[in-house]
Amino acid sequence: MTHEIEEIIFLPRFVERLKCKNSNKVIEKIPLISSFQFTIIVFEQLILIILLSFYCYMNNNISLYIALIIVYIVHILIHYLQAIVIKKIIPGFYMGTLSSIVLSYLLITIEVDLKELVGYILIILLIAIFNLLIMHKIISNKFKY
């Protein structure tokens with residue numbers, strides 16, 4: 001959650017400044033959304049993560065929970081790639097790095113069925129990608145604050 005809070009606080013303004021100062025084609029493709037719109041997207045993602053975590057807890061499904069953690073770490077690695085492309089540290093980078101280190105350490109202590117884990121990872125990745133696409137579409141048409 002600390003990573004998401006760091007993103008909510010700093011990312012919208014960071015993107016706004018980045019777009020003003022750069023004419024890079026990659027940067028031009030970044031959608032410009034308000035802090036309010038971005039907060040709605042992150043909050044909705046956080047609710048999904050909490051619900052999925054609760055489901056894992058209630059059903060004692062450690063493999064699904066581990067898959068969720070791995071997808072989170074992949075998400076942080078994507079932030080690393082973004083930072084390399086734009087040559088700047090992105091908001092969420094520091095807390096994402098710290099939380100990924102802690103979570104990675106925990107992951108190496110847990111044994112799960114690898115086939116089941118890979119299946120869950122693919123499912124969660126697809127859900128996350130489609131959810132983000134849908135949320136950006138909804139946000140761009142509504143919730144203009």
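These numbers come from a predicted model, not from an experiment. Scope of the values below: all heavy atoms of this structure, side chains included, with no hydrogens, waters or symmetry mates.
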If you take all heavy atoms of Q45 and A128, which pair is closest and at what distance? NE2-O, 4.0 Å
In the single-linkage hydrophobic clustering (I, L, V, M, F, W, Y; side-chain heavy atoms under 4.5 Å), do M95 and I41 co-cluster? no
Any link between Y57 and L64 through a network of hydrophobic side chains (Ile, Leu, Val, Met, Phe, Trp, Tyr) touching at under 4.5 Å? no
Would L52 and I123 show up in the same hydrophobic cluster when neighbours are defined by side-chain heavy atoms closer than 4.5 Å? no
Do L107 and I73 pass the side chain to side chain contact (heavy atoms under 4.5 Å, CB included) test, and can you show the C-alpha distance, the side-chain angles, and the key distance before you say yes or no? CA-CA 11 Å; L107 288 178; I73 293 170; 3.8 Å; yes
Is any side-chain heavy atom of Y80 closer than 4.5 Å to a side-chain heavy atom of I90? no
Apply the test side chain to side chain donor-acceptor pair (under 3.5 Å) to residues S99 and Y72: give CA-CA distance (whole Å), side-chain angles for both, the deciding distance (0.1 Å), then the verdict. CA-CA 10 Å; S99 60; Y72 169 78; 2.6 Å; yes
Please lay out, stage by stage, how L68 and C56 fare under the test side chain to side chain contact (heavy atoms under 4.5 Å, CB included). CA-CA 10 Å; L68 183 62; C56 292; 5.7 Å; no
Between CD1 of I49 and CG of L46, what distance do you get to the nearest 0.5 Å? 6.0 Å
Cluster check L103, Y94: I/L/V/M/F/W/Y, side chain < 4.5 angstrom: yes
Could you give the distance from NZ (K87) to CD (Q82), rounded to the nearest 0.5 Å? 14.5 Å
Using a 6.0 Å cut-off, check whether atom CG of N59 has over 12 heavy atoms from anything other than its own residue. yes
Value for CD1 (I127) from CG (L122), rounded to nearest 0.5 Å, stands at 11.0 Å
In terms of hydrophobic clusters joined by side-chain contacts under 4.5 Å, are V71 and L48 together? no
Taking all atoms of both residues into account, what is the closest heavy-atom pair of S100 and I76, and its distance? OG-CG1, 3.4 Å
Would you please indicate if the ring centroids of Y65 and Y120 are separated by under 6.0 Å? no
Find out whether I138 and I40 are in side-chain contact, i.e. whether some heavy atom of one side chain is under 4.5 Å from a heavy atom of the other. no
Provide the closest heavy-atom pair for L117 versus A67 in the form atom of the first, atom of the second, distance. CD1-N, 3.5 Å
Working note: T97 + F93, criterion side chain to side chain contact (heavy atoms under 4.5 Å, CB included); need CA distance, chi angles, decisive distance, verdict. CA-CA 6 Å; T97 299; F93 187 89; 4.0 Å; yes
Got a second to check how far E116's CD is from I62's CD1, nearest 0.5 Å? 11.0 Å
Over 60° means perpendicular and under 30° means parallel, so tell me whether H75 and H79 are parallel, tilted or perpendicular. perpendicular
